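Have a look at the structure below, then the notes.
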Protein chains: 2
Amino acid sequence: MRVRLRDVAERAGVSVKTVSNVVNGYVHVAPSTRAHVQGVLDEMGYRPNLSARHLRAGRTGVIALALPELDNPYFAELTGFVVQAAEDNGWTVLVDQTDGLRERELFVAAGIRHHLIDGAILSPVALGAEDLVRRSPEDIPLVLLGEKISVGPVDHVAIDNVAAARLATEHLLSRGRTRPAAIGGQTGAESGVAHLRRRGWEDALTAAGLPVDESLVAEVPTFRREHGAEAMRTLLDRGPAPDAVFCFNDTLALGALRVLADRGLRVPEDVVVVGIDDVDDGRFAVPTLSTIAPDKEGIARTAVRMLAERFADGGADLSPRDVRAGFELIARESTMG
Amino acid sequence: MRVRLRDVAERAGVSVKTVSNVVNGYVHVAPSTRAHVQGVLDEMGYRPNLSARHLRAGRTGVIALALPELDNPYFAELTGFVVQAAEDNGWTVLVDQTDGLRERELFVAAGIRHHLIDGAILSPVALGAEDLVRRSPEDIPLVLLGEKISVGPVDHVAIDNVAAARLATEHLLSRGRTRPAAIGGQTGAESGVAHLRRRGWEDALTAAGLPVDESLVAEVPTFRREHGAEAMRTLLDRGPAPDAVFCFNDTLALGALRVLADRGLRVPEDVVVVGIDDVDDGRFAVPTLSTIAPDKEGIARTAVRMLAERFADGGADLSPRDVRAGFELIARESTMG
DNA sequence: CGGGGGGTTTACAACGATGGAAATCTTGAG
DNA sequence: CTCAAGATTTCCATCGTTGTAAACCCCCCG
């Protein structure tokens, strides 16, 4: 059987509460008692029963991180930062994959298994702001990532997607290009990342006095590599090749690079390419991929901090916060050759 | 405040235990009572407090899945199956990334946070059998994946890596090739997947009466795409191009394909390529990648079932089991063109 | 009409930890 | 040497749920 406070107390010849006090660093414990009890604790290898502790405290010390897909490298990297930030707070992270399914996202927003997690960080795909309006005080604190729901009744962290897309496009223009294509549009999505990044692309064109040519936009069903490739093929088949490509994320860009190579177009000489996310694969691609690097660590730390603030006294009364994370342009071979 | 059994009991005018009996589907509850209590339960939106329930039961209903890297598509896909299998058992999965670090793997094997998880499924990289010998009865049940530790004091699930590698190589030979290279060797690893897959490759060559040519083997520091590419370049620079390549996993193969394209070698006309894992990316690569598909779902279900058996009465007394999962060859364009 | 006997329901005691009040022990002043 | 204040330690109740055993009720048989 596992070691309980009682077992330690018996062996040490003190009360259960004294042992508890030692474990929790309570002030009024005589140094000699503390040393003795600590010795017995170490000797017996006591570890607190979290179920019991949390039953008492009303918290579990576990938070959930729910992402649409774990095999997307951006999310995989972000996960690492969230786990780290949570660890610094003494929390454990339960990672969950929603597959972008409404049902699973609602499940997370509702607390997964009641009383199992204290709060959740969710990157919604299917959920709309309307799904979150009727949150009751029984619901756990929630922090949203990304811009599917940019204003709503809960906390939110994201980069400024319009500005990021505009910076990426301006970088392409600064390389002397005048016909930058955009891969990643999604019709029907009034809100969401795709919409915002497209607007950034348009803004850059307009600001530079260039026309917005619809034939330079390629739509994709998902942000996965294969659809980046497909979109690139469509663009090339459609007419005169663009002299630059702005992909709405790195995975799409990696697919596009592949097709450009297939078609014998040189990057960056013939076409320059830029993405968003700064995933590891882009650093090793041939050529290495220029990109907009969101401050992933900052996003993770902010999300965790927001949860911490909600847990604190009065946290439930805070009005919803909306934080913009930083980002920067990283120019690599695909635009600089 | 959240709804407790007691609140429901008061409203329904019955005892707490009766409500508990209804919640848990105890047999001896009068139909009328059951209906009434159920109505109040629904009306008040009762959800059990898992901390309390698990404090009573001695279990938490959470298992951990610890993998070296989540951004490896094979592991990402496997995760999905494990989550599904666990859900069928009413368990929740806590996904953890170890980065192949000894310290983190030990942490998982020791139970992460005491009493937080009931058991763990771990794919070890750094841990050796010797690390697991001194497991005490206080330690949680553990199931190992992969073949870093193939015999040891704990349960284990893996495919027969020698046989799988042999099947892959034989497939290359059946396409009329006689100089199949091997990408993925790792010196210094006496045990482990790399070692076993290399042996399968050798076995196939020997059985076919072909010489084992060391210059056809390329070592890699990791199984990531960039190192597959690097290894392929090394092989091509080293001398006469091989007419076939067996990569120890699909990610390496995807990197190799990239280099072959760069060098103007046609796949499958000039070189045929096969991998292991059957990851999604391989299905969309150009050309599509032939591979050995391990029964991921079977692996996941087996691992979860083994944990379930350990949880059952007397489960701790079972001797360590070693299960071989199935696999099959999937021939695609990279070998069949 | 009393006494089983079965199905139902309830009271009580855990599970392990901790806050708060109460009890005990020190120590120093008077 | 007594007493009070402060430092330590202990006792008790409690978090929400469920196993156990006992209580209860109703119906039927003798």
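Model, not experiment: these values are computed from the prediction. Computed over heavy atoms, backbone and side chain alike; hydrogens, waters and symmetry mates excluded. The chains referred to below are lettered A, B, ... by the order of the sequence lines, with proteins before strands, and numbering in each begins at 1.
Applying the 4.0 Å criterion to OP1 and OP2 of D:dC15, one finds that B:N49 has every side-chain N and O outside that range. When the side-chain nitrogen and oxygen atoms of A:S20 are compared with OP1 and OP2 of C:dT18, one or more of them lie within a distance under 4.0 Å. Put simply, B:Y46 has a side-chain N or O that comes within less than 4.0 Å of OP1 or OP2 on D:dT17. At D:dG16, none of the side-chain N or O atoms of B:R53 fall inside 4.0 Å of OP1 or OP2 (strictly under the cut-off). Using a 4.0 Å cut-off, some side-chain N or O of B:T33 falls inside it from OP1 or OP2 of C:dT9. For the pair A:S15 and D:dT9, the criterion of a side-chain N or O lying under 4.0 Å from OP1 or OP2 is not met.
Look at NE2 on A:H54: it is 16 Å from C1' on C:dC15, rounded to the nearest Å. Taking atom CZ on B:R34 and atom P on C:dT8, their separation rounds to 10 Å, with Å as the unit. The nearest whole Å value for the distance from the CG atom in B:D118 to the P atom in C:dC15 is 18 Å. Distance, B:R59 CZ to C:dG16 P: 14 Å, rounded to whole Å. Taking atom CG on B:L50 and atom P on D:dC15, their separation rounds to 18 Å, with Å as the unit. Computed from coordinates, the A:H36 NE2 to D:dT9 C1' distance equals 15 Å when rounded to whole Å. Distance CE (B:M44) to P (D:dG16): 13 Å, rounded to an integer number of Å. Here D:dC15 presents its C1' atom at 9 Å from CG of B:L55, a figure rounded to the nearest Å.
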Review item, nucleotides 24-28 of chain C N/O atoms under 3.5 Å of protein N/O:
none

Any N/O pairs under 3.5 Å between the protein and nucleotides 25-27 of chain D? List them or say none.
none

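Crowding of A:R321 atom CZ: a count of heavy atoms from other residues, nucleotides or ligands under 6.0 Å exceeding 12.
What you find for A:P294 and A:I159 is that their closest heavy atoms are CB-CG2, 3.8 Å. Summarising the geometry of B:F223 relative to B:V193, their closest heavy-atom pair is CE2-CG1, 4.4 Å, with the distance given to 0.1 Å.
B:D96 contributes atom CG, which lies 13.0 Å from atom CD1 of B:I121 (distance to the nearest 0.5 angstrom). Here B:L116 contributes atom CG and A:T92 contributes atom OG1; the two are 5.5 Å apart, rounded to the nearest 0.5 Å.
Each of B:N21 and B:A52 was matched to the nucleotide of DNA chain D holding its nearest heavy atom; the match closer to the 5' end belongs to B:A52.
Heavy atoms of B:V23 sit nowhere under 4.0 angstrom from any nucleic acid atom. Within the nucleic acid shown, B:R56 comes within 4.0 Å of at least one base atom, counting heavy atoms only. Among the heavy atoms of the strands lying under 4.0 Å from A:V29 are primed sugar atoms or P, OP1, OP2 only; no base atom is included.
Between A:L144 and A:L142, some side-chain heavy-atom pair lies under the 4.5 Å cut-off.
The bend of the helix from C:dC1-D:dG30 to C:dG30-D:dC1, defined by the angle between the axes of its first five and last five pairs, stands at 70° to the nearest 10°.
Proximity note for B:H28 (side chain, C-beta onward) versus C:dT8, C:dC15, D:dT17: the nearest is C:dT8. Considering only side-chain atoms of B:V16, the nucleotide from D:dT18, C:dA17, C:dG16 that sits closest is D:dT18.
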